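Everything on this sheet refers to the single structure shown next.
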Amino acid sequence: MTTSATPPPLPASTALAVEQEAHLKKTLRRFDIVFLLIAAVVGLETLGQVSTYGAEAFTWALVLAVSFLLPYGLIFAEVGAAFSEEGGAYTWVRDAFGRPAAAIASILTWVTQPVWVGGSMAFLAAETWSTYLVPMRAGSFWDYAFKIVFIWITVTAAIISLQRGKWLPTLGAILKVALLAFFVLTTAIYAFQHGVSGLGAGDFSPTLIGLFGSVPILLFAYLGFESSNSAAGEMENPARDVPVSIARSCAAAALCYLVPMLAILIVVPKGEITGIGGLLDAVGTVFSVYGPAADGMLKVTAAAFVFILMSQGSAWMIISDRMQAMAAADGSFFGGFFGRFHRSLGTPVRVNLLSGVVATAFLLAAMQLTGSSAAVFGVVLTISISTFLLSYLLVLPAAVRLRSKYPDVERPFRVPVSDRGFAILGSICFAWVLLGSWVAVFPGTLEAAFGIDYPFEDYWGVSQARFEVFTLGTLAVLLVLGVVGYVRGARVRRDVEATAPAPAPAPQSLVEGVTP
């Protein structure tokens with residue numbers, strides 16, 4: 001049954017949001033967007049963690065690339081080109097479901113990044129530096145100092161103007177792709193000289209324990225390609241560049257995960273792969289083909305690895321802080337204090353500093369966890385995964401609803417399916433995210449339901465009670481913070497513009513390489 005009802009107007013922007021958008025500087029071209037996404041989303045830290053599940057992790061990565069990454073990329077290529085207001089996911093959830101839902105979605109998305117940088121990336125960078133370059137005793141002054149400096153370098157890259165700050169992620173992305181390509185080439189040489197680790201076809205057979213264990217990590221690895229829209233107001237032509245950038249970065253990510261993962265599995269026996277050192281363990285093995293030069297090459301690679309991690313953290317700080325700043329400017333995160341962009345830099349300095357404080361606080365909390373660095377890394381990575389995945393339980397339905405709720409909005413790229421077909425694509429992605437969210441927050445429960453033995457402490461290095469207190473406690477604090485932040489933004493929400501700005505339609509002639 002069809003209806004002739006007039007579609008509702010887009011929600012009105014607050015006066016503060018309109019004022020702050022005037023400070024944005026259009027400095028992102030298609031080249032910048034692609035490499036910003038590769039820097040942010042393609043995570044070297046997840047390669048080792050997911051490879052601990054053995055060869056079947058490769059199978060699940062391939063399944064998800066087809067059944068999740070493809071429909072997800074299509075959905076957000078359409079939405080990102082059509083709804084190109086600064087703020088990205090926050091504005092989409094707001095337009096679909098209102099500001100209260102958008103406030104929760106944005107805080108879950110935003111806080112993932114400082115938690116991840118302070119709780120996982122800093123640990124991985126310090127472990128790499130200590131193992132391969134300069135030894136540092138865990139918990140020592142130098143260990144703390146290294147991790148804190150790591151955090152604040154990523155924050156500084158987000159504070160400086162985007163025209164300059166974007167080059168740290170760009171250089172990191174280029175170095176990342178080059179490092180992975182060189183590793184794969186060296187692995188081929190190593191396999192030719194020494195053979196492989198004895199993988200058989202049966203090792204790739206999927207199992208439920210592999211599904212429940214690897215899917216949250218793989219989803220975390222594959223999500224985030226729409227995040228560049230957080231800076232859509234700083235793109236030269238988002239309607240033209242977003243779909244192409246998402247397509248290219250999704251394809252690059254699939255290759256950057258699948259091929260190196262297979263290389264790790266070929267040269268490192270499953271029982272010897274660790275989440276915190278998986279990639280560099282494999283690099284150390286295959287570099288033996290270079291003889292006496294191997295040790296020096298490994299040190300250079302370790303230093304490059306730390307730089308790549310730093311660039312990855314800075315890319316996410318650049319992206320997610322802009323989204324949260326626009327949420328604040330729109331009256332959904334406290335009273336507008338965090339919703340201001342620096343007049344000359346064009347960056348959300350107050351949210352940048354808040355991210356640094358949150359990352360540092362989470363680092364200090366994570367340092368109090370008992371267990372090895374690998375155990376802490378795994379636990380905190382899972383908390384980052386859980387907050388990120390939970391945000392998509394709002395963002396994905398919002399993306400689907402935007403098509404039916406606002407049919408008259410110009411879509412420079414349109415997925416060639418009906419509205420029902422679009423909803424089916426969204427439902428498939430939603431089902432994967434729902435599974436990943438449950439497993440990330442409550443590991444071991446689905447295994448128990450299917451009668452699968454799950455020795456929790458053997459997997460995580462901490463007790464289940466400690467894990468759940470840390471995870472559920474973090475989520476509870478975030479929920480309270482989101483509600484309080486929304487309530488405190490009431491004054492800003494009352495001061496809105498008379499009409500909502502509609503996304504600017506893009507002439508079809510400008511859409512290069514995009515099928516209408």
Side-chain angles (χ1 to χ4, degrees), residues 42-53 113-154 172 175-176 179-180 183 217 220-221 260-261 264 267-268 271-287 294-314 316 359-385 459-462 467 470:
V42 179
L44 299 185
E45 81 287 355
T46 57
L47 281 171
Q49 191 73 10
V50 76
S51 296
T52 60
Y53 291 92
Q113 313 320 326
V115 167
W116 172 67
V117 170
S120 291
M121 302 291 279
F123 276 83
L124 180 54
E127 184 76 7
T128 300
W129 191 269
S130 179
T131 301
Y132 297 97
L133 297 167
V134 181
M136 297 183 297
R137 182 174 55 83
S140 67
F141 168 82
W142 292 111
D143 185 37
Y144 273 93
F146 181 95
K147 291 169 181 173
I148 291 173
V149 169
F150 177 91
I151 289 169
W152 285 95
I153 288 178
T154 69
L175 185 58
K176 182 186 304 182
L179 173 61
L180 290 175
F183 166 62
I217 306 169
F220 186 70
M261 188 186 303
I264 291 173
V267 299
V268 182
E272 298 178 14
I273 299 174
T274 65
I276 198 166
L279 178 61
L280 286 177
D281 289 344
V283 168
T285 300
V286 301
F287 273 14
D295 185 61
M297 293 176 66
L298 184 58
K299 290 183 183 298
V300 171
T301 301
F305 188 73
V306 172
F307 177 80
I308 289 169
L309 294 175
M310 194 177 296
S311 69
Q312 192 172 346
S314 69
W316 272 118
T360 303
F362 211 86
L363 165 68
L364 298 177
M367 292 288 284
Q368 306 313 308
L369 277 177
T370 58
S372 65
S373 294
V376 175
F377 171 76
V379 170
V380 179
L381 176 61
T382 300
I383 292 174
S384 301
I385 290 171
Y459 277 108
W460 294 100
V462 297
F467 178 94
F470 203 45

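Given the structure is predicted, the values throughout are model-derived calculations rather than measurements.
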Exercise. What's the verdict on side chain to side chain contact (heavy atoms under 4.5 Å, CB included) for Val134 and Trp142, showing C-alpha distance, side-chain angles and the deciding distance?
Worked result: CA-CA 10 Å; Val134 181; Trp142 292 111; over 6 Å; no

Exercise. Tell me the salt bridge (charged side-chain N to carboxylate O under 4.0 Å, His left out) pairs involving residues 130-146, sequence neighbours left out?
Worked result: Asp143-Lys147

Exercise. What residues, two or more places apart in sequence or in another chain, satisfy side-chain hydrogen bond (donor to acceptor under 3.5 Å, both in side chains) together with Thr360?
Worked result: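 Checked Thr360 against side-chain hydrogen bond (donor to acceptor under 3.5 Å, both in side chains); matches are Trp152.
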
Exercise. Can you say whether the rings of Trp316 and Trp116 are parallel (under 30°), tilted (30 to 60°) or perpendicular (over 60°)?
Worked result: perpendicular

For this session: Would you check if Gln312 and Lys176 make a side-chain contact, meaning some heavy-atom pair closer than 4.5 Å?
Result: yes

Exercise. Is there side-chain contact between Val117 and Phe150, with heavy atoms separated by less than 4.5 Å?
Worked result: yes

Distance in Å, [X] [atom1] paired with [Y] [atom2], rounded so as to fall on 0.5 Å steps:
X: Met310; Y: Ile151; atom1: CE; atom2: CD1; result: 11.0 Å
X: Ser314; Y: Met121; atom1: OG; atom2: CE; result: 9.0 Å
X: Ile217; Y: Ile385; atom1: CD1; atom2: CD1; result: 5.5 Å

Between side-chain atoms of residues 294-309 and protein atoms elsewhere (two or more places apart, or another chain), which donor-acceptor pairs fall under 3.5 Å?
{"residue": "Lys299", "atom": "NZ", "partner": "Tyr132", "partner atom": "O", "Å": "3.1"}
{"residue": "Thr301", "atom": "OG1", "partner": "Met297", "partner atom": "O", "Å": "2.8"}

Problem set entry | Minimum-distance pair of heavy atoms, taken over all atoms of Ser311 and Gly172 |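 The answer is OG-CA, 3.2 Å.
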
Exercise. Is there a ring-ring contact (aromatic ring centres under 6.0 Å, His included) between Phe123 and Phe146 once you walk through the steps?
Worked result: CA-CA 9 Å; Phe123 276 83; Phe146 181 95; over 10 Å; no

Exercise. So, Ser130 side chain and Met136 main chain: donor-acceptor pair closer than 3.5 Å or not?
Worked result: yes

